[in-house]
Amino acid sequence: MIVKCAWMYHDIMDLYGDKGNIMTLTSRASQRGIDFQVTTVGIGQEADLSDFDLVFMGGGADKEQVALIPDLLSRKDNIRKAMDENTFFLLICGGYQLFGQYYETADREKIEGLKFADYYTATGKAKSRCIGNIIIDAPLDGINLRLIGFENHGGQTMNVAHPLGKVVHGYGNSFDGGYEGYYDGHILGTYLHGPLLPKNGQLADFVLTKAIQKRNPEFTFDMLAPIDQPWEGIARKALLDRWKLEDKAEVHNS
Ligand code: GLN
């Protein structure tokens, strides 16, 4: 089986080890005999995103977001086509922000977004940022996961119709909203860096499943054989122990 992944703006959108997400997907796929093929797509590079099963975009500073936005907007029709054809989108922080209505930089420059969702991201209070470790509980199509990450963003994302999860520790979409990220079945956007997937192996498998489903609609999450991950387990436990939390999501409706 082959999974084709487009890695958007790999050279400029890669904060806090976001590339680790690609490494994790490649490794977890290959352990199941799946050929995970990665194609990088930079500014000005021709690509038909609807050819891919998964599109990944990491986070970045305001400067990079301003630099790439004309290129991203020029791909809007192609991105819509990809979504209509069930390509899955995994977006981290700065990438997540740009799929909404708009993003307002720390200098209050308003950048138009792709508008694939109703959420928008406004500048927070001067010099205040949501920074630190974050833990959320995410009910993903009935699979309840406790996710661990690290966030560092000034932008405050509001009007999120379908949050990814409920904040257990940390901030999330805004300082006091209590919810984190966005998930609508086609797009998974989140502020979790760290990077996200090495710390959350089950989420990596969920993303793989969504990507596989483009060409194999009958494929389900439980068809991926479990992977022994002793080091990831130790890392998760060390973080969760800090806040005396179990490695088990509390079921809730977000
Ligand atoms: N520049 C954006 C912000 O500060 C995104 C940062 C990020 O990707 N970590 O809100």
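Predicted, not measured: the structure shown is a model, and the values here were computed from it. Note that ligands are numbered from 1 as they come in the structure, with each ligand's atoms numbered from 1 the same way. We're numbering straight along the sequence, starting at 1.
In this structure, a donor-acceptor pair under 3.5 Å is absent between the side chains of T209 and Q213.
The closest donor-acceptor contact from the side chain of D53 to the backbone of I212 lies at 3.5 Å or more, if one exists at all. Remark: side-chain polar atoms of R28 are not paired, donor with acceptor, to backbone N or O of A204 under 3.5 angstrom.
Separation of the F99 and F89 ring centroids falls under the 6.0 Å cut-off. Taking the six-membered ring wherever Trp is involved, the centroid distance between the rings of Y191 and H153 falls below 6.0 Å.
Protein residues with a heavy atom closer than 4.0 Å to ligand 1 are L15, G59, G60, A61, D62, Q65, C93, G94, Q97, Y103, R129, N152, H153, G154, G155, H193, listed by chain and number.
Applying the ring-ring contact (aromatic ring centres under 6.0 Å, His included) test to F36 and every residue at least two apart in sequence or in another chain returns nothing.
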